[in-house]
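A short write-up of the structure that comes next.
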Amino acid sequence: MKFFESLLKLDRRIIYIVVGLLVMLPLIKPLGLGVSSGPRARALFDAVDALPAGKTVLIAVDFDPSSMPELYPMLVAMMRHAFAKDMKVLLCGLWVTGSGLADQAAQTIPKEYGKEYGKDVVYLGWKPGVDAVILGMGENIKNVYPTDYYGHPLDSLPMMRDVQRLRDIPIVFAISAGTPGYQDWLLYAQSRYGMRVGAGVTAVSAADAYPFLQSGQLTGLLAGMKGGAEYEVLVQKAGYSKAYMPAVAAMDSQSLAHVVIMLLVIIGNVAYFATRKRSS
Amino acid sequence: MHISHSILTWVAAVLTVGIFSFLWRDNPFYKFCEHLFVGVSVGYSIALTWYNAVYPDLFNPLFLQPLSAVPLGKKLLLVIPLALGLCYFCRFIPKVSWAIRFPMAFVLGWGMGVAIPATFQTSIVKQIQGTFLTPGIFGRWDVFLWAIISFIGVICSVFYFFFSKEHKGALRVASETGVVFLMVGFGASFGYTVMARMSLLIGRFQFVLRDWLGIIR
Amino acid sequence: MISLLILLLAAGQIAPPDTGPAVPAPPAPPAAVRAFDTPNDAGKSITLRWSADTLARSLLIERTGPDSTTIIATTEPGETGYLDEQVMDRVRYTYRIAAVGDGDTVWSASTAEVSSTPQLFNTNRINILIAMVIFFVMVIYFIETAKRGRSLFVRRIAGLDAVEEAVGRATEMGRPIVYVPGLGSVADIATIASLNILGEVAKKTAQYDSALLVPNRDPIVYTVAREMVKESYTKAGRPDAFRNDSVFFVTDQQFAYAAAVDGLMVREKPATNFFLGMFWAESLILAETGAQTGAIQIAGTDSVFQLPFFITACDYTLIGEELYAASAYLSREPLLLGSLKGQDYGKMIILAIVVIGSALLLLSRTPSLAFFGRILDFFNVS
Amino acid sequence: MKRNIPLAICLLFGIVMMVQFFVPHPASVAFYDLTTKWVRIVGAFALVLGTGSLVLYHVDKLQRRRPGWYYSIVTLAAAAITTVIGLGWGVKPGRPLQDVIFTSFLVPLNASMFAILAFYMASAAYRAFRARTREAALLLVAAFIVMLGMVPIGAAIWGKLPDIAEWVLSVPNMAAKRAILFGVALGGIATALKVILGIERGWLGGGKQ
């Protein structure tokens, strides 16, 4: 029984070290616990994969740095998928705090596929107003964005010649950490311009998105880091990318972290009940 | 392993390590970061409040704009929120500290007046609609079963919250089942919160390992 | 939540992708063209509806005003409606719609005259008005009956019976009670409920003469809490026992406040901790540290995300509405008991609607009773 | 005077805003927009009040040289510098307040504070989460199912686990949340009504007539 008592008095810092290591190690050397791609991630992947080369995919970066761990890998994976299929990527955003992230992606990912800014990828930037922005883009993108994030007039960008308004874009992948987000793209882009909408959301708000899946309005859904990892695996299995997959590595850490929490609860309860039985 | 050269990444990394040092022991490095955090967040909200609310809605129209742009009527209207806002400062003057009740009365009254219909709309009428059993449930056996279970779950859980009757007989059975649903519901949100917090921790480690130390690509 | 429903309704109107080449035959003019003032709006808007079974390349919409006739929009053939928001109120307009084929344009008959006006009552929200009236009448009725002295029963709430025992325990052990009124502002319902309970707990600490510590995060809640405790000590006949530094402001930064209260609990080793009110992510820091110091912990919040931590880490937890009922339970004050009774009847009505409504909706499967299906629409929100 | 006028203001705005909800007329919409701006302005002053009490607290700590007074310099300096940068160069993206202060100070500090909670959760899981009561045990079992179902390791243990976790989230969890929502909504509305009608006067701060 002495063992259980000492177990109860275990210093918190030992627990912190154990958790810290178990979460950090898989990031350095991924264990590859295998990420099985669920139906929702596959539905989005198939919808994008079926698009012919040359088509443009619109990605809405509607999140800020604080939800970056869960949502940024989705942005990267979708861009890699589009570029590998010689498709073009148009970036925009309804969150002012997301501009830095979209800019970072627009500068780094195209290089991996030898793609050129203005020809294969354009970042429009942020504009205030949610319905005004989406409805405006529906009529004519240039009304809302006369110039892109870097100040180039839209007419000077070759890619924008065959993308005048939302009807020219088959699908929008709205990555949202809250509102404004995918619900606005559904409310304005889909019901008025018939655009297909795929959504990427944080794990906490995934449950709210399920009704839109059942009703068929959402073409696919990536939920939290797991959703990002599923899409990364799909992109890699299709041979579109061999790069390091941050979400997949993170899923190993997430798995270990969950297991550690459960073991701690079990051990804690066993020690608690053992000492209580002895003392009562 | 190529460490980052950007000052800003170093600042972010040092602050991250500073906050995490609290896990080992409360120490001056943590206290510095915590007090810095308090100061920066206060300054940030002041700047945002000025540019998003005070300047565009009060200062500019009331003081800067000429009468041609903002008619006298509008300016007088703006004096009301200004006066109410200034009442907050009476809290520091003991004799008139009761004047703080005027802005509180306005904010509370307005807030409650807006909240009541909105709460009826989203938390009651819409939720009732969502709880109805509709003919659609007769589709598949599992859809039917889950619809019945959640229907019973809602009703029993509401019975748990009954206050004006002793929980005896049928009411006791209902509230006991209600507790089961409540606890499973809380367990689910507990599981979710664990996942959300762990993702943030993983995000911090990815920042430290990739952007700062460059150990992972 | 509202937009959730609009989106689900919008599901049915996804315009089918336009396929198939236009047939060269001249398109038939759009039929059943109707124009009416858009209901339940702030005016300046007229809605057009038509049934476009033509195979035209596009449709033209023409408006004839008192002084001008202009074509205001061209739309896709699949469209069957248009919202004209460039109109003035109380001005008479007529509309015509044309189907544009390969070579020719065929106009429909023009609509009757119509003018736009703002409405004074939004008929879509009649269901909310009914719900409000019913609930208000009930709450006020029960408050009045309570005022006339009829005693109202309140069921036992485990956490609150422990308050008496907890305060007694603190006195025997000669250790203080820490009461955290939550991190919310005075506009939050949970904070108002918590401040009322603080008043009751303060009366007991005055009677038992045990020490009470109330750290605050919101400057306004701090002033209200101080008044509450001072008033309770005078009501309990012990104005002298009230110590000025028992209720104090710490900081309004969430995690700095949590760290400060943790330090307080570890130093003072209180016999009982109360965590009642609005809590966010810091609830776990408080509950876990409190559990270490061996104090009895009574928690209560309406935040669904924080309740799991309180339930596992504390001895007693008031779940959501139990926190609101606590002040009525402790004070036995007729006004509070009355409104509690009103809430219970509100819940009964909701359950009745849900059960009866479901039964009727399920019956609506049989063709003869199909009209029951419209019950669902009555609960639409917009 | 000190109590009746505030109560009257509270009653007036409470009733008017409730009625406004049902009136789509442009005048009513204009009134709503006007008063929303007022609430934001008055709220801004409340922020100044909160900051005032914070600054007074730290200045007092500084003057009295109470233990840890030098940290108060850090808070006051950080607040002053950030306010100057914010007011001086504006809050739009691309300006120093967003690019430097927000991205390199606030985001890491905030994220780290939240990430610390993951460690607290681990230590709390060990030291405080006891299946003391039947309810707490039920809660922990449901938590295990959801936690395992949400990560690949769960699917590796048993193929059906993710579906069960999905079920727990969409059936019992949804039912419980909806029931709590009814109760909290009615409780909140009753309390709000009592504040508007002046029955609930706690916010007046008791005491003085």
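Every chain is numbered from 1, with letters handed out A, B, ... down the list of sequences. What you see is a predicted model, and the numbers here were worked out from it, not measured in a lab.
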Between F129(D) and chain C, with a heavy-atom cut-off of 4.5 Å, which part of the residue counts as in contact: side chain, backbone, both or neither? both
At a 4.5 Å cut-off on heavy atoms, which part of E200(D) comes close to chain C: side chain, backbone, both, or neither? side chain
Rounded to the nearest 0.5 Å, how far does OG of S194(C) lie from CG of D302(C)? 11.0 Å
Do the side-chain N and O atoms of E288(C) and S123(D) include a donor-acceptor pair separated by under 3.5 angstrom? yes
For S45(C) and E85(C), which I'm curious about, is there any donor-acceptor pair between the side chains at under 3.5 Å? no
Less than 4.5 Å to any heavy atom of chain D: does that hold for the side chain of F121(C), its backbone, both, or neither? both
What part of L117(D) lies closer than 4.5 angstrom to a heavy atom of chain C: side chain, backbone, both or neither? both
Under 4.5 Å from any heavy atom of chain C, what part of R132(D) do you find: side chain, backbone, both or neither? side chain
Greater than 12 external heavy atoms within 6.0 Å of F305(C)'s CZ: no
Less than 4.5 Å to any heavy atom of chain C: does that hold for the side chain of M18(D), its backbone, both, or neither? side chain
With a 4.5 angstrom heavy-atom cut-off, is it the side chain or the backbone of F182(D) that approaches chain C, or both, or neither? side chain
Please check: side-chain N/O of Q119(C) versus main-chain N/O of N40(C), any donor-acceptor pairing under 3.5 Å? yes
Where on I116(D) is there a heavy atom nearer than 4.5 Å to chain C: the side chain, the backbone, both, or neither? neither
Highest number of heavy-atom pairs under 4.5 Å with chain C among A131(D), A192(D), A190(D) belongs to A190(D)
Distance-only side-chain donor-acceptor flag, T117(C) / D89(C), under 3.5 Å: no
Does any part of the side chain of I349(C), heavy atoms only, come nearer than 4.5 Å to the side chain of M138(C), both counted from C-beta? yes
